[in-house]
Amino acid sequence: MKAWQRRSFTVLAAIVIVTGVVYFWMKDLLTPADPFAVINHPLQPLMQRLHVLAAPAFLVAFGMIVTAHVTWKLRNGRQLRLSGLITLITIGVMTASGYLLQVAVDETWRRACLALHLASGGVFIVSYAWHFVMGVRRSRAREVVRT
């Protein structure tokens, strides 16, 4: 995997994470000053748009990572790390639930999609951070061995 692919994925993951967390905070945790307000924060619609617009770019970067990183490991007989496997699964769940969240009309389905999206997003944050840190540690350990 090339460094620019890893950096692109990490930057786009950070954008999706930050906009998602901030949007969740604005939408579900803030209370508006005006009891008749439709939104809880003036930047709430912007955060939602940024999150929804960053997600497809993130998925393109994810596709590059799967091609360059995951399939390479599988073809060469390398075992996938648990953190990477969890990250793969949660991206699939986040994508499906996020898409369905945009089109679900029934309130029960919307709540289920939202719960699934939030839960998988939280697991993704932890698993990708874990995967990233372990990758950095392994790279540094290899550099020490080389010198």
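Heavy atoms only: backbone and side chains are in, while hydrogens, waters and symmetry mates are out.
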Does F132, at its CZ atom, have more than 12 non-hydrogen atoms belonging to other residues, nucleotides or ligands within less than 6.0 Å?
no
If hydrophobic clusters are built by linking Ile, Leu, Val, Met, Phe, Trp and Tyr wherever their side-chain heavy atoms come under 4.5 Å apart, do L114 and M47 end up in the same one?
yes
Do you know the tightest heavy-atom contact between P45 and P42?
CD-O, 3.6 Å
If every non-hydrogen atom of S120 is compared with every non-hydrogen atom of T90, which pair is closest and at what distance?
O-CB, 3.7 Å
Could you please spell out the steps behind the side chain to side chain contact (heavy atoms under 4.5 Å, CB included) verdict for L116 and V93?
CA-CA 8 Å; L116 197 55; V93 175; 3.7 Å; yes
Quick one: pull up OG1 in T87 and CZ in F62 and give me the separation to the nearest 0.5 Å.
9.0 Å
Using a 3.5 Å distance criterion without hydrogens, assess whether the side chain of H51 forms a donor-acceptor pair with backbone atoms of T19.
no
Between L80 and V70, what is the shortest heavy-atom contact and its length?
CD2-CG1, 4.1 Å
Between G84 and H131, what is the shortest heavy-atom contact and its length?
N-ND1, 3.1 Å
What distance do R7 atom CZ and L12 atom CG have between them, rounded to the nearest 0.5 Å?
13.0 Å
Contact summary for I39 and H41, nearest pair of heavy atoms:
CD1-O, 3.2 Å
Interatomic spacing from OH in Y23 to CG in L50 - rounded to 0.5 Å
12.0 Å
Hits for side-chain contact (heavy atoms from CB on, under 4.5 Å) against I65, two or more places apart or cross-chain, chain-then-number order -> M1, Q5, F9, H69
Decide whether I125 and V136 are clustered together by the hydrophobic rule: side chain heavy atoms of Ile, Leu, Val, Met, Phe, Trp, Tyr closer than 4.5 Å, transitively.
yes
Let me check something: do L59 and M94 share a hydrophobic cluster, defined by ILVMFWY side-chain heavy atoms less than 4.5 Å apart, either directly or through other members?
yes
More than 12 non-hydrogen atoms from neighbouring residues, nucleotides or ligands closer than 6.0 Å to CD on Q79, yes or no?
no
How far does CG of N40 sit from CG of L29, to the nearest 0.5 angstrom?
9.5 Å
Side-chain (N76) to main-chain (R78) donor-acceptor, under 3.5 angstrom
no
Sidechain-backbone polar pair: H117 side chain, S97 backbone, donor-acceptor under 3.5 Å
no
Distance col, row M134:CE vs R138:CZ, nearest 0.5 angstrom, shows 6.0 Å
I'd like to know if Y99 and I91 are part of one continuous hydrophobic network [Ile/Leu/Val/Met/Phe/Trp/Tyr, side-chain heavy atoms within less than 4.5 Å].
no
For the residue pair F124 and Y128, does the interplanar ring angle fall in the parallel (under 30°), tilted (30 to 60°) or perpendicular (over 60°) class?
parallel
Examine distances only and state if a side-chain atom of R110 and a backbone atom of V105 form a donor-acceptor pair shorter than 3.5 Å.
no
Report whether L88 and L74 are members of the same hydrophobic cluster (ILVMFWY, side-chain heavy atoms less than 4.5 Å apart, transitive linking).
yes
To the nearest 0.5 Å, tell me how far L101 CG sits from W109 CH2.
13.0 Å
Check whether any side-chain N or O of T71 sits under 3.5 Å from a backbone N or O of V66 as a donor-acceptor pair, and report yes or no.
yes
